[in-house]
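The structure appears right after this line, and notes come after that.
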Amino acid sequence: MNGSLTLDFSDVLLSEHRLFDYEDKIAKAEARLHSGNEKFTGWADLPLTYDRDELKRIKEVAELVRSKCDAFVLIGIGGSYLGPRAAIEMLAPASSSPSIYYAGQNLSGTYHKQLMEELADKEVCLCVISKSGTTTETSVAFALFKDWLYGKYGKEEARRRIVAITDAEKGSLRQEATEEGYETFVVPANIGGRYSVLSAVGLFPIACAGINIDEMLDGARDRAGNNEQEGLYAAARNCLYEDGKKIEVFEYYEPRLHYFAEWLKQLFGESEGKDGKGLFPAALAFSTDLHSMGQFLQEGSQIFFETILNVVSPPDDLLVPESAGTILANKSMNQINHAALSGVMAAHRAAGISMVRIDIPSLCSYTFGQMVYSFEKACALSGYLLGVDPFDQPGVEHYKAEMRKVLEK
Ligand code: PA5
C-alpha cells in the first residue's frame with residue numbers, strides 16, 4: 001500500500017556469525033511471545049484479531065466528539081498518553097479540528113492553570129485514560145478538569161462530554177464512569193500501558209484527531225506477518241549491549257517524530273531497564289542536536305550505538321532561493337536534510353560507531369501502524385534475549401510509594 005518499513009544493518013559493526021548465533025534464541029523468543037502462556041502479550045496478535053464491533057463504536061463516538069468540540073483534552077500519562085500523542089503529532093495537521101490538548105502528563109499547577117485559561121472560550125470534550133484508574137497525575141488533572149467542565153456546562157452536559165478508557169472492571173475510574181454514565185472503552189487486561197497504542201487507548205484519541213485508524217491497523221497487521229527484521233534488530237541490540245554499548249540513541253530528522261521518540265524511550269526503558277540490566281534509550285532531534293550533542297557523538301565516550309529514523313518522503317518541502325548561495329540554492333530543504341543524514345552517517349562511520357538505519361517510507365497512518373508494531377515486537381524479543389520480563393515495571397512503583405508518604409505527612 002504505502003511501502004514497507006525497512007531496517008538496514010549494514011553499518012552495524014558486528015560479524016555476521018554473531019547475529020546468526022542468535023537465530024535459535026530468536027525463534028524461541030518468538031514462540032514464547034505467541035504461545036498464549038505469557039502475561040501481557042495481548043498486543044502481539046491484536047491487529048490480526050481486532051474486534052470489529054469495538055472499532056466501529058470507536059469511530060462513531062470519535063465522530064460525535066469531533067462534531068461537538070473544537071478542543072479535545074486527553075488526560076493521562078505514560079502508556080496512557082505517549083502512544084496517542086506520538087500518532088497525533090506525527091500525523092495530524094496542526095490546523096485540524098478539534099485541537100488536541102494534553103493534561104495529567106505532569107503535576108505542574110502553572111501548566112494546568114494556563115491550559116484552562118486557554119480553553120475558556122472553546123467547546124471542550126475530555127478523554128481520561130488510566131488502566132489502573134488510580135494514577136496520581138491523571139486523578140489530579142481529571143478532578144480539576146471535571147470540576148471545570150461542570151462549571152462550564154452544568155453536570156448533565158459535562159457528563160456527555162467525558163469519555164473514560166480504563167479497565168473493564170477494576171479501579172475507581174471504572175466505578176465512577178459507571179455511576180456517572182460516561183461513555184467508556186476498555187484497556188485490555190492482557191496489554192500493558194506502553195504496548196497499548198493499537199488498543200482503544202490509542203485508537204480512540206487518534207480517531208478524535210481525524211486520523212484514519214483502519215489504515216493504522218492495516219499497517220500493524222501487515223507488519224505482524226513478517227518479523228525477520230525485528231528479530232535481527234533485537235539480536236543486534238543485545239550483541240552491542242554485550243560489547244559495552246549501554247546506550248541506544250534514537251535520532252530523527254523530522255520534528256514530527258519527537259513524541260514517537262518519547263514513546264520509544266518509554267517502550268524500551270520500562271521494558272528492559274530492570275534486574276540491573278538494559279540499554280538506556282535516549283533520543284536526539286537532528287539537525288538541532290548536532291549543534292549541541294554532535295561533538296559528544298563524534299568524539300566522546302563510545303558507550304552508545306545509534307538507531308536512525310529516516311523518513312524517506314516527508315509530507316512537505318520548500319525550494320531554497322538563489323540568495324542562499326551556490327551550494328544551497330535551488331535545492332529542496334528535504335534534500336539538504338537528507339544530506340545532513342548522509343553526512344552524519346559518513347562521519348560516524350569513520351568514528352567506528354554502529355548504526356541501525358530505519359527507512360520510514362512516509363508519515364502516514366499505515367506507516368505509523370507498522371512502526372508501532374515493529375518496535376513493540378523488537379522490544380519484546382530483545383527483553384526475552386536479555387533475560388528480563390519485558391512486560392512488567394516493578395521499579396515504577398517505588399517512587400509512587402515514597403510520594404504517597406510525603407503527601408500523607
Ligand atoms: O506503561 C505503563 O504501564 C505505565 O507507563 C502506565 O501506562 C502509566 O503509569 C499510567 O498508568 P495508568 O494507565 O494505570 O494510569
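Ring geometry for Phe145 against Trp148 counts as perpendicular: the plane angle is over 60°, on a 0 to 90° scale with 30° as the lower cut. The aromatic rings of Tyr252 and His258 lie perpendicular to each other, with more than 60° between the two planes, well past the 30° mark.
With hydrogens and angles disregarded, no donor-acceptor distance shorter than 3.5 Å links the side chain of Lys277 to the backbone of Glu272. Formation of a donor-acceptor pair under 3.5 Å by the Thr367 side chain with backbone atoms of Leu363 is not found in this model. A donor-acceptor contact shorter than 3.5 Å links the side chain of Arg66 to the backbone of Cys208.
Neither side chain, Tyr195 nor Glu270, offers a donor N or O lying under 3.5 Å from an acceptor on the other. Side-chain N/O atoms of Ser332 and Asn334 include no donor and acceptor closer than 3.5 Å.
Note on Asp21 versus Arg18: no salt bridge recorded, every NZ/NE/NH1/NH2 to OD/OE distance being 4.0 Å or above. A salt bridge does not link Lys405 with Glu408: none of the charged nitrogens is closer than 4.0 Å to a carboxylate oxygen. The residues Asp214 and Lys59 are annotated as salt-bridged, a charged nitrogen and a carboxylate oxygen being separated by less than 4.0 angstrom. At a threshold of 4.0 Å, the pair Arg357-Asp11 does not count as salt-bridged, since none of the basic side-chain nitrogens sits closer than that to a carboxylate oxygen.
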side-chain hydrogen bond (donor to acceptor under 3.5 Å, both in side chains) between Glu299 and Gln295, worked out: CA-CA 6 Å; Glu299 295 181 351; Gln295 169 61 34; 2.9 Å; yes

Salt bridge (charged side-chain N to carboxylate O under 4.0 Å, His left out) assessment of Lys113 paired with Glu117: CA-CA 6 Å; Lys113 180 145 191 288; Glu117 284 165 6; 3.2 Å; yes

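For residues 182-193, the set of pairs meeting the side-chain hydrogen bond (donor to acceptor under 3.5 Å, both in side chains) definition, not counting sequence neighbours, comprises Arg57-Glu183, Arg174-Thr184, Glu176-Tyr182.
More than 12 heavy atoms of other residues, nucleotides or ligands lie within 6.0 Å of CE in Met403, so this atom counts as buried by the packing criterion. When the shell of 6.0 Å around OH of Tyr101 is examined, it contains more than 12 heavy atoms from other residues, nucleotides or ligands.
Cation-pi geometry between Lys246 and Phe304 is not satisfied (NZ or CZ under 6.0 Å from the ring centre, within 45° of the ring normal). Cation-pi check for Arg85 over Tyr259 is met; the charged atom lies under 6.0 angstrom from the ring centroid and within 45 degrees of its normal.
Partner of Glu251 under the side chain to side chain contact (heavy atoms under 4.5 Å, CB included) criterion, out of Asp289, Leu341, Leu297: Leu297 alone.
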Donor-acceptor pairs under 3.5 Å, side chain of residues 375-384 to any protein atom, not counting sequence neighbours: which ones?
| unit_1 | atom_1 | unit_2 | atom_2 | d |
| --- | --- | --- | --- | --- |
| Lys377 | NZ | Glu30 | OE2 | 2.8 |
| Lys377 | NZ | His34 | NE2 | 3.1 |
| Lys377 | NZ | Asn227 | OD1 | 2.5 |
| Ser382 | OG | Arg237 | NH1 | 3.0 |
| Ser382 | OG | Ala378 | O | 2.9 |
| Tyr384 | OH | Glu38 | OE1 | 2.9 |

What pairs of donor and acceptor atoms, side-chain ones from residues 125-137 against any protein atom, are under 3.5 angstrom apart with sequence neighbours left out?
| unit_1 | atom_1 | unit_2 | atom_2 | d |
| --- | --- | --- | --- | --- |
| Ser130 | OG | Gly133 | N | 2.9 |
| Lys131 | NZ | Pro188 | O | 3.4 |
| Lys131 | NZ | Ala189 | O | 3.1 |
| Lys131 | NZ | Ile191 | O | 2.7 |
| Ser132 | OG | Thr134 | N | 3.2 |
| Ser132 | OG | Thr134 | OG1 | 3.3 |
| Ser132 | OG | Thr135 | OG1 | 3.3 |
| Glu137 | OE2 | Tyr399 | OH | 3.4 |

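Two rings, from Phe268 and Phe250, have their centers less than 6.0 Å apart.
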